Amino acid sequence: MTKPIIECQGLTHIYKNTVVAVDNLNLKVLPGEVVGIIGQNGSGKTTLVKHFNGLLKPTKGKVLIDGRDTTTMKIQELAKTVGYVFQNPNQQLFAKTVESELEFGPRNIGCSEEEVIERREHAIEFFGLENIRLSHPYRIGFPLRKLVGMASIYTMKPKIYIVDEPTTGQDHITTKRVNNLINKLRDEGATIICVAHDMILLADIAQRMIVMKDSKIILDGKMKEVFLNFETIKSTHITPPQVTEVSRVLLQNKKIGKDDLCLTIPEMTTLLKKKIK
Amino acid sequence: MANHPIISIKDLTYTYAATETPALRNINLTINEGEYVSLLGLNGSGKTSLLLCLNGIIPNMMMGEFEGSVVVDGFDTTEVPVRELAKLVGMVFDNPEFQISQWSIAEEIALGLENLGISPNEMVKRIRDMLEVVGLPRFEERSPWALSGGQQQRVSIASALAMYPKILVMDEPTSNLDPIGKEEVFQVANNLNLEKKMTIVVAEHEVEVMAAYADRIILMDNGEIILNGTPEEVFSQVDRFEKIGLRVPQVTAVTKNLEEAKKIKALKKYPVTVDQFYSLVNGLI
C-alpha cells in the first residue's frame with residue numbers, strides 16, 4: 001500500500017486556550033492526489049492546512065509529512081517538502097524583480113549559484129513569465145503577481161503544494177491559466193491541496209474533495225460522491241457548479257441516475273447527447 | 001410603468017492622465033429607474049472606470065481627458081459637485097476593509113451622513129433603518145472589525161444606503177467574500193431592487209448569479225460596450241464571450257453544444273438559468 005504523504009492523527013488545534021479551530025481530525029492524503037478543501041470562512045480549513053507546513057503545531061494529536069512528525073522537523077526542512085502559495089501574493093513577494101524573487105527560495109535552502117539560476121529559468125518557462133522577468137512584482141497586474149507567487153514556490157521543488165484561493169477575484173482567462181498550471185504540477189507528480197470557494201475550478205482539477213464545517217470534516221470523497229449529499233452541501237451554503245444543480249433537478253425528477261451526476265460542461269453535454277433521442 | 005431614464009451617457013470617451021489609450025471609448029448607454037444592470041468584462045476592460053463616471057469621481061476628482069456627457073437623474077456630472085452626486089449614487093467597492101475606518105458600526109455609517117449635514121436625530125433613525133434593510137438589526141454599537149467579510153460588506157451597503165441614494169453602484173462587491181457572504185450581498189441587492197425599486201449597477205465575474213438576478217447585461221471589452229441586452233440575449237452570443245476570454249453560464253454553453261450536435265432545434269435565445277434549461281430539456285428525455 002502507498003504510504004500517505006500527509007497524515008493527521010487526532011489533530012486538534014485550540015487558539016488562545018478557548019477556540020477549537022480543528023477538532024480531533026483524522027486524514028490521509030496519498031502522493032500525487034489533488035484535494036480540494038472547501039467550507040465557509042471560520043470552518044477550520046486554513047488552520048488545518050497551516051499544520052502541513054509547520055506554521056502551526058498541533059495542540060493535541062500528530063501531523064506526519066512524508067512519514068515524519070512536524071514537531072521534530074525544522075521549518076527549513078518542511079519548506080523543502082511543503083510549499084504554501086498565499087491567497088494574497090502581496091504577503092509573499094518582496095524582491096525588486098521577478099527574477100530575484102525566483103532566486104530567493106533556492107538560495108535560501110542552500111542551492112549552488114548554478115542551481116539557483118537553473119531553477120529560476122525553469123520556473124520562468126513553466127509559468128510563462130519571460131516577458132516580465134525584469135519587472136517589479138508590484139508593477140505587474142494582480143493576476144500575474146499571483147502566478148509569480150506560485151512560481152516562487154515552484155523553485156523550491158516541494159512535493160506538496162498548498163494553494164489558497166488561487167482564483168479569487170480573477171477573470172476567466174487567468175482562472176483557466178491557473179487550472180492548466182495546477183494540472184501540469186500534478187502531471188509532474190506533485191501533491192496539491194487547494195483551499196477554494198470556486199467549485200468550477202475544483203471540478204476541473206480535484207479528484208477528491210473535503211468539506212469542513214464547525215472545525216470538523218463532514219464529507220470526504222470523490223467529488224461526485226460529495227456533491228450527491230445535496231442536503232449537507234446546502235447546509236454549508238456551498239454553491240455547486242450550475243450543471244451540478246441541473247443534475248440534481250434531473251435526478252429528483254428521475255430523468256437520470258445517481259451515476260450521471262455532472263460537474264463540468266463536457267460531462268453534461270455528453271450525458272444529454274446520450275439521453276436525448 | 002413608463003421607462004424613466006435615470007442614467008444617460010452620450011459619446012463618452014475618457015483617457016486617464018499620462019496614458020495614451022482611452023480607458024472608455026464612445027460609450028452610449030441609458031439605464032432606466034429600477035433596472036438591475038450587470039457589467040461584465042475582463043479585468044482592465046473599463047468596468048471600474050465606467051462606474052466611477054456615474055458618481056462623478058471621473059472627471060471631477062481624476063486628471064484626464066473627458067469627452068461626451070454623463071447625466072444622472074437630470075444632473076450633468078461635470079456641473080454638480082461630487083458631494084451632491086454622492087447623495088444620488090451610493091458606491092460599494094470590492095474590499096470592505098478599505099472602506100471601514102471607525103470603531104463602531106453606527107459611527108461608520110454616520111461618517112457619510114455628517115458630511116451631508118444631517119441632524120443627529122435623523123442620523124440615528126437612518127442608521128437603525130438601514131441596518132434593518134441589510135439584515136444587521138441592532139448592530140449599531142458593535143465593532144465593524146469583528147464582523148465577517150459578508151457582514152462588513154453589508155455595512156458598506158448600509159453606509160451607501162443611509163444617504164438615500166437612487167442608484168446603488170457596486171464594483172465586484174463579492175470577490176473577497178466566502179459563499180455565505182456572497183449570498184448575503186446578492187440577496188440584499190436583490191431585495192432593494194425588487195422591494196424599493198432601487199436602480200442597481202454592479203460589476204461582477206459570477207455569470208450564473210448575474211443571469212439569475214440582472215434585468216440587463218452589458219459586456220465591455222477594451223473600454224467599449226460590445227453587447228447590451230437581457231441576460232438571454234447577451235449570453236446567447238457564446239462566441240463573442242469566448243473570443244474575449246470570458247465564459248457564459250454553464251447551461252448556456254451546454255445548450256450551444258446540444259444545438260451544434262442537432263440534439264435540439266436551433267434557438268434564437270439560449271437558456272441562462274437552471275429553471276430555463278430544465279424546461280428546455282425536460283420534455284426531451
Side-chain angles (χ1 to χ4, degrees), chain A residues 38-43 45 87-88 141-144 165 167-177 196-200 203 233-234 236-250 252-256 260 262-277, chain B residues 40-45 47 94-95 148-150 172 174-184 186 205-209 211-212 241-242 244-264 271-285:
Chain A
I38 63 174
Q40 296 300 325
N41 294 348
S43 60
K45 304 178 306 239
Q87 175 176 356
N88 185 346
F142 186 83
L144 272 173
E165 293 290 352
T167 56
T168 300
Q170 313 273 29
D171 58 41
H172 186 48
I173 288 189
T174 324
T175 304
K176 256 185 167 164
R177 201 164 161 190
H197 295 309
D198 182 346
M199 293 306 127
I200 295 177
I233 289 286
K234 204 175 163 198
T236 63
H237 294 264
I238 288 158
T239 318
Q242 200 182 25
V243 292
T244 310
E245 276 297 287
V246 172
S247 307
R248 181 179 61 83
V249 180
L250 289 169
Q252 276 168 355
N253 289 286
K254 301 201 166 55
K255 300 273 180 188
I256 61 172
D260 295 329
C262 300
L263 299 173
T264 64
I265 293 168
E267 279 176 10
M268 175 137 278
T269 303
T270 311
L271 173 74
L272 290 177
K273 273 187 189 170
K274 210 171 61 193
K275 292 275 174 190
I276 298 174
K277 292 295 168 240
Chain B
L40 301 178
L42 292 176
N43 298 337
S45 60
K47 304 189 299 285
D94 61 346
N95 194 335
S148 71
E172 298 189 22
T174 69
S175 60
N176 287 301
L177 303 183
D178 67 4
I180 290 184
K182 283 186 208 271
E183 213 174 282
E184 289 171 353
F186 285 129
H205 289 304
E206 308 256 338
V207 286
E208 280 87 4
V209 180
F241 276 83
E242 272 175 10
I244 59 174
L246 285 171
R247 61 182 199 87
V248 296
Q250 289 191 316
V251 295
T252 315
V254 174
T255 306
K256 180 163 190 283
N257 293 343
L258 293 175
E259 189 188 85
E260 280 171 359
K262 302 221 168 16
K263 284 288 177 183
I264 54 171
V272 298
T273 64
V274 172
D275 289 348
Q276 289 173 355
F277 184 74
Y278 182 70
S279 357
L280 173 72
V281 296
N282 179 31
L284 302 173
I285 49 180

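Bear in mind the structure is a predicted one, so any value in this text is a computation, not a measurement. Just so it is clear: chains get the letters A, B, ... in the order the sequence lines come, proteins before strands, and each one is counted from 1.
Closest of all the heavy-atom pairs between B/P179 and A/H237 is CB-O, 3.1 Å.
Between B/F277 and A/V249, the closest side-chain pair of non-hydrogen atoms is not below 4.5 Å. Two residues are said to be in side-chain contact when any heavy atoms from C-beta on lie closer than 4.5 Å; B/E208 and A/I200 meet this criterion. Inter-residue side-chain proximity for A/N41 and B/S148 is flagged as unmet; no heavy-atom pair is nearer than 4.5 Å. A 4.5 Å side-chain heavy-atom check between B/Y278 and A/V246 finds every atom pair outside the cut-off. The closest side-chain heavy-atom distance from B/I285 to A/L250 is below 4.5 Å.
With a 4.5 Å cut-off on non-hydrogen atoms, B/D94 does not touch chain A at all. Neither the backbone nor the side chain of A/I38 comes within less than 4.5 Å of any heavy atom in chain B.
Atom CG in B/L42 sits 4.5 Å away from atom CD1 in A/I173 (nearest 0.5 Å). To the nearest 0.5 Å, the span separating OG1 on A/T269 from CD on B/Q250 amounts to 10.0 Å. In this structure, the separation between OG1 on B/T174 and NE2 on A/H197 is 11.0 Å, given to the nearest 0.5 Å. Separating the CG atom in B/N43 from the OG1 atom in A/T174 is a distance of 6.0 Å, to the nearest 0.5 Å. Between B/H205 atom NE2 and A/T175 atom OG1 the span is 8.0 Å, to the nearest 0.5 Å. From A/T236, atom OG1 reaches atom CD1 of B/I180 across 8.0 Å, with rounding to the nearest 0.5 Å.
In terms of heavy-atom pairs under 4.5 angstrom with chain A, the leader among B/V207, B/V251, B/I244 is B/V251. Of the listed residues A/M268, A/Q40, A/R248, A/K255, the one with more heavy-atom pairs under 4.5 angstrom with chain B than any other is A/Q40.
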Show me, pair by pair, the donor-acceptor contacts under 3.5 angstrom made by side chains of residues 270-277 of chain A, not counting sequence neighbours?
from	atom 1	to	atom 2	distance (Å)
A/T270	OG1	A/P266	O	2.8
A/K277	NZ	A/K274	O	3.3

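In this structure B/F241 satisfies the ring-ring contact (aromatic ring centres under 6.0 Å, His included) test together with B/F235, sequence neighbours excluded.
Using a distance-only test at 3.5 Å, with no hydrogens or angles considered, no donor-acceptor pair links the side chain of A/E245 to the main chain of B/T273.
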